[in-house]
**Student:** 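This structure is in structure tokens; I'll ask about it shortly.
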There are 2 protein chains.
Amino acid sequence: MGKLFNISEAANIAIHSLALISTSKEDLNATQIAEMLKLSRNHLSKIMHILARHKFVTSSRGPKGGFKMLRESGSISLLEIFELMDGNLEQDHCRRIDGICPFSDCVFGDVRQRLFDEFKTYYQNRKLSDLSLNY
Amino acid sequence: MGKLFNISEAANIAIHSLALISTSKEDLNATQIAEMLKLSRNHLSKIMHILARHKFVTSSRGPKGGFKMLRESGSISLLEIFELMDGNLEQDHCRRIDGICPFSDCVFGDVRQRLFDEFKTYYQNRKLSDLSLNY
DNA sequence: TGTAATTAGGTATTTGAATTCGCAAATGTA
DNA sequence: TACATTTGCGAATTCAAATACCTAATTACA
């Protein structure tokens, strides 16, 4: 989908997958989720595997296998998912010339800080359970 | 420097280069700018070439050659430079499932729109001439 | 117990951006 | 005019992220 504010495609997929699972009545397997999100099963599997290893979901193999929420969706912020997939969401600084932007208070002024804070706060407060499906 | 909010490294370099040229008393050549910004001359040349083709600067070859501002630095917004390098700064939408996010009003809510607007407005208003060098 | 379904996960490929390389074209100066 | 300097720019390389491939391990169930 392209990147929004430094969020990787993997993190985006992770969010969507968890949202699908947490709003679904039955267990979903990788094939179903991949189908719903229009991406390859293999690629999705990788991401689900990470979510399983980190105890967001349980996974079970074999026929009737699939994924199931392990944690309360009200306890999972979007930020937590982003950080799992992309590493710590840290503000990146404008590093030119020995690690410091040569322009006083940086070419970018304070807008970086402001947008970053707003962004982070928003995703910190927004929980998986706040999402609702259209279909 | 890594990416901030979808801004490419090329756009970042372009901004810094123009800022250096516009605050410099003498003409600067590619070698000097590359030196100042700690990147390779060839890589910088590419970017300067684009800026020259688009009439932000004049370029002259040969000994004593280099780059010089062509336009008033007060008339150049950071946004214009970004858009030259990266193409139109358009909000990118969350496209899953036939181009539409399956979650009502999208997983990302309105934060995308808000941050995007703020970001764009800021860079629209901020002119090259607003920048001042530290050194 | 055999088979099909399903996740696990290492490896390979693709893709696009960033970066480097190499040489051609232009130009100032001796 | 010869030469050193500098930009122009196509082509190659690197690098990381995204994505695909392949097979092993696990499991439900006929």
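Source: prediction; values computed, not measured. Below, chain A is the first sequence line, B the second, and so on; all start at residue 1.
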**Student:** Hey, what's the ring geometry for B/F82 with B/Y123, parallel, tilted or perpendicular (30° and 60° as the breaks)?
**Tutor:** perpendicular
**Student:** Starting from C1' on D/dA16, measure out to CG on A/D86 and report it in whole angstrom.
**Tutor:** 13 Å
**Student:** How many whole angstroms separate atom CZ of B/F67 from atom C1' of C/dA26?
**Tutor:** 13 Å
**Student:** Quick check on D/dG8: is either OP1 or OP2 less than 4.0 Å from any side-chain nitrogen or oxygen of B/S45?
**Tutor:**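 No, no such contact exists.
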**Student:** Quickly work out the A/E9 CD to C/dT14 P distance and round it to whole Å.
**Tutor:**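 Result: 20 Å.
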**Student:** May I ask you to verify if any side-chain N or O of B/S40 is less than 4.0 angstrom from the OP1 or OP2 atom of C/dT20?
**Tutor:** yes
**Student:** Could you give the CG-to-P distance, from A/D27 to D/dT27, as a whole number of Å?
**Tutor:** 15 Å
**Student:** Rounding to a whole Å, what distance do you find between A/K38:NZ and D/dT19:C1'?
**Tutor:** 18 Å
**Student:** I'd like to know whether B/E26 forms a salt bridge (Lys or Arg N to Asp or Glu O under 4.0 Å) with B/K68, so could you lay out the CA-CA distance, the side-chain angles of the two residues, the decisive distance to 0.1 Å, and finally the verdict.
**Tutor:** CA-CA 8 Å; B/E26 305 101 36; B/K68 190 185 314 215; over 6 Å; no
**Student:** Starting from P on D/dA18, measure out to CG on A/L39 and report it in whole angstrom.
**Tutor:** 12 Å
**Student:** Would you mind classifying the nucleic acid contact of A/N42 as base, sugar-phosphate or nothing, using non-hydrogen atoms under 4.0 angstrom?
**Tutor:**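 The residue A/N42 makes base contact.
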**Student:** What integer distance in Å separates A/I13:CD1 from D/dA17:P?
**Tutor:** 14 Å
**Student:** Please report the distance, rounded to the nearest Å, between NE2 in A/H43 and C1' in C/dT7.
**Tutor:** 17 Å
**Student:** Closest-nucleotide mapping onto DNA chain C: is A/R53 or B/A10 further toward the 5' terminus? I mean the 5' end.
**Tutor:**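 Its nearest nucleotide lies further toward 5', so the answer is A/R53.
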**Student:** On a plain distance test, is the side chain of A/R61 in donor-acceptor contact with the base of C/dT7 below 3.5 Å?
**Tutor:**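 Result: at least one qualifying N/O pair found.
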**Student:** Pick from B/R71, B/K127, B/K120: which one makes a salt bridge (Lys or Arg N to Asp or Glu O under 4.0 Å) with B/E80?
**Tutor:**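 When B/R71, B/K127, B/K120 are each tested with B/E80, the salt bridge (Lys or Arg N to Asp or Glu O under 4.0 Å) holds only for B/R71.
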**Student:** With rounding to the nearest 0.5 Å, note down the distance linking CD1 in A/I81 to CZ in A/R126.
**Tutor:**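 Reported value, rounded in 0.5 Å steps: 11.5 Å.
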**Student:** If you check every side-chain atom of A/N29, which of C/dT7, D/dT7, C/dT29 has the closest atom?
**Tutor:** C/dT7
**Student:** Are OP1 or OP2 of D/dT7 and a side-chain N or O of B/R41 less than 4.0 angstrom apart?
**Tutor:** yes
**Student:** I need the A/Y122 OH to A/L78 CG distance, nearest 0.5 Å.
**Tutor:** 7.5 Å
**Student:** On DNA chain D, nearest-nucleotide positions of B/G66 versus B/K46: which is more 5'?
**Tutor:**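 Counting from the 5' end, the first nearest nucleotide belongs to B/G66.
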**Student:** Should A/T31 be listed as having a side-chain N or O under 4.0 Å from OP1 or OP2 of C/dA5?
**Tutor:** no
**Student:** A/P63 has a side chain; which of D/dA28, C/dT27, C/dT20 sits nearest to it?
**Tutor:** D/dA28
